[in-house]
J.: 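Below: one structure in structure tokens.
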Amino acid sequence: MLDIKFLRQNLDQVRRKLAERGQTIDLEQFSALDARRRNLLQEVETLRNERNTVSKEIGDRKKRKADAADLIARMGEVSARIKNLDAILEETESALEAIVMTIPNVPHDSVVRGTSSEDNPIVRTWGDLPRLAFPPRPHWELGESLGILDFTRGSKIAGARFTLYRGAGALLERAIINFMLDLHTGEHGYMEILPPFLANRESMTGTGQLPKFAEDLFKIEGLDYYLIPTAEVPVTNIHREEILNERDLPIRYVAYSPCFRAEAGSYGKDTRGLIRQHQFNKVEMVKFTTPETSYEELENLTANAEEVLRRLEIPFRTVSLCTADLGFSSAKTYDVEAWMPGQDAYREISSCSNFEDFQARRAAIRFRREATGKVEFVHTLNGSGLAAGRTTVAVLENYQRSDGSILIPKALRPYMGGREKIAPA
RNA sequence: GGAGAGAUGGCUGAGUGGCCGAAAGCGAUCGCCUGCUAAGCGAUUGUACGCCGAUAAAAGGUGUACCGCGGGUUCGAAUCCCGCUCUCUCCGCCA
């Protein structure tokens, strides 16, 4: 969420910035509620002050055995008024919060203004597209004919958008996950985390999934637990309501987790194959930084994600999301898109974002500045490093051969017992 | 699942209705002292929100709230009552 004081003082600027995202927000309503809240607060605090002072006087009188009945009667009324005002104040505050919690982050100045993903500038392209002497097949065909991906049985067990991996397919995805974790912990300086795969309402609110995007989540019936849509949720919430030491920053975590997404509203989109699933595996990088370094950290976070594809020798390009394409909590996002020959397209395989203090404010993640002793909000960042399911897709499609077999990328062979290819049984 | 105990500041730990935002100790920071280190002495040591502050911010001042969370009793609650959450111990079950 945005800072209420900042909002109050920069209404026009915020309105303009949000318009660039294609959002219109009822900032008049915000102003009215904010003013009302402050008036009520003052009134109620004055009454509390009176009650505190007079209650002391009552105590003194009683000690002296003097009569205090008049004061007690008066304070009875004051307390009743406080109770009344408190209820109104609470209503006002939750109405105000309801607005503020649904206002998206303000895009960073370097983010290009646009109206759709068509306007996302390409910032980097890497690798030569493979020139195949045969028409490339999509991964679902390859996976089924090799007997390593079973979409039919995945549907039988759970439903649409669930897939069963078998044999070398299961091994390949596990190898990809292990390779990525080893790379980020061993060479990029991240600490590995294995988090809970369910999270509660507070955690979901802290990172911004709630209250606005409840329909995208799977919820455990009757309990306040949600299946995580990304490891970003549990890992960012590690430090919820904490004050960190400046010298411990930046903190860099990397976590494997399955991710669960309801994919409401995406009917008919990417219905075949592994691209869009209700459950998929992902390795996620999360950072907590000081405000001064967060954009530098975003650049190398993105580079860390790209490095996976470089090592796997899979062509990719990186785009910077324009204002219209930016996620709710993000101030700036790079998407890394891997080349997928079976689809003749680049497809998103990582999304790296700087949330600045947007999540930190919601989740109360702060740090104490050594120079001044003051507490400030940290900046949080995260990025996929990478989506494992889509990485499996990229490997299958880029490394396919005319006989339908798959060459294993060199970087993955140590993770697959030295195996060099996946061939039809 | 059954039985019991507990939750207070960075930590340990007092506090059972007003003098408690909270003793004491530890730790930390600053200063003094000291050949260095240790010891000693002194001071400081939470967060949030509102208001005041010469304009924005800060310094500073002031008020309110916070003793796991939510409600209740009372003129007044860390303290009494109810509900919840979490932690610990024992039993059962289980990977």
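Lettering follows sequence order; numbering is per chain, from 1.
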J.: In whole Å, what separates the P atom of B/rA48 from that of B/rC41?
T.: 34 Å

J.: How are the rings of A/His188 and A/Tyr190 set to each other: parallel, tilted or perpendicular (split at 30° and 60°)?
T.: perpendicular

J.: What's A/Leu41 touching, base or sugar-phosphate or nothing? Going by heavy atoms closer than 4.0 Å.
T.: sugar-phosphate

J.: Suppose you measure atom C1' in B/rG42 against the same atom in B/rU47; what distance do you get, rounded to whole Å?
T.: 27 Å

J.: Could you measure between the two P atoms, the one in B/rU73 and the one in B/rU85, and give it in whole Å?
T.: 23 Å

J.: Reckon A/Arg61 touches a base, only the sugar-phosphate, or nothing at all at heavy-atom distances under 4.0 Å?
T.: nothing

J.: So what does A/Arg51 touch, heavy atoms closer than 4.0 Å: a base, only the sugar-phosphate, or nothing?
T.: sugar-phosphate

J.: What's the gap between B/rA65 and B/rA78 when it is taken at their P atoms, as a whole Å value?
T.: 9 Å

J.: Taking the six-membered ring for Trp and the single ring otherwise, decide whether the centroids of A/Phe328 and A/Phe358 are under 6.0 Å apart.
T.: yes

J.: Listed by chain and number, what are the side-chain hydrogen bond (donor to acceptor under 3.5 Å, both in side chains) partners of A/Glu376, not counting sequence neighbours?
T.: A/Arg369

J.: Which residue, A/Lys56 or A/Lys374, contacts RNA chain B at a nucleotide closer to its 5' end, judged by nearest heavy atom?
T.: A/Lys56

J.: Are A/Asn281 and A/Tyr256 linked by a side-chain donor-acceptor pair shorter than 3.5 Å?
T.: yes

J.: Taking B/rG50 as the reference, what is the distance to B/rG27 when you measure between their C1' atoms (whole Å, please)?
T.: 34 Å

J.: Looking for any heavy atom pair under 4.0 Å, which part of the strands does A/Arg361 touch: base, sugar-phosphate only, or nothing?
T.: nothing

J.: Side-chain donor-acceptor pair under 3.5 Å between A/Asp224 and A/Asn200, yes or no?
T.: no

J.: Under a criterion of less than 4.0 angstrom to any heavy atom of chain A, what are the 5'-terminal and 3'-terminal contacting nucleotides of RNA chain B?
T.: B/rG18 to B/rG76

J.: Expressed as a whole number of Å, how far does the P atom of B/rC30 sit from that of B/rC88?
T.: 37 Å

J.: Ring centroids only, cut at 6.0 angstrom: are A/His379 and A/Phe355 within range, meaning strictly under it?
T.: no

J.: So A/Asp60, base contact, sugar-phosphate only, or nothing? Heavy-atom distance under 4.0 Å.
T.: nothing

J.: Just checking A/Val78: base, sugar-phosphate only, or nothing, at a heavy-atom cut-off of under 4.0 Å?
T.: nothing

J.: Could you write out RNA chain B as a dot-bracket string, with dots for unpaired bases, | for bases paired across to another strand, and Watson-Crick or G-U pairs counted at under 3.5 Å?
T.: ((((((((.[[[..)..(.....]]]((((((.......))))))(((((((.......))))))).[[[[[..)....]]]]])))))))....

J.: Any chance the side chains of A/Thr185 and A/Glu192 put a donor and an acceptor closer than 3.5 Å?
T.: no

J.: Are A/Lys62 and A/Asp67 ion-paired here, with the side-chain N under 4.0 Å from a carboxylate O?
T.: no

J.: If we take the P atom in both B/rA95 and B/rC80, what is their distance in whole Å?
T.: 43 Å

J.: Can you tell me if CZ on A/Arg124 sees more than 12 non-hydrogen neighbours from other groups inside 6.0 Å?
T.: yes

J.: For atom P, what is the distance between B/rG15 and B/rG68, given to the nearest Å?
T.: 15 Å

J.: When all nucleic acid strands are considered with a 4.0 Å heavy-atom cut-off, which category describes A/Glu57: base, sugar-phosphate, or nothing?
T.: nothing

J.: Can you tell me if CD on A/Glu144 sees more than 12 non-hydrogen neighbours from other groups inside 6.0 Å?
T.: yes

J.: Find which nucleotide of RNA chain B each of A/Ile58 and A/Glu45 is nearest to by heavy atoms, and output the residue with the more 5' nucleotide.
T.: A/Glu45

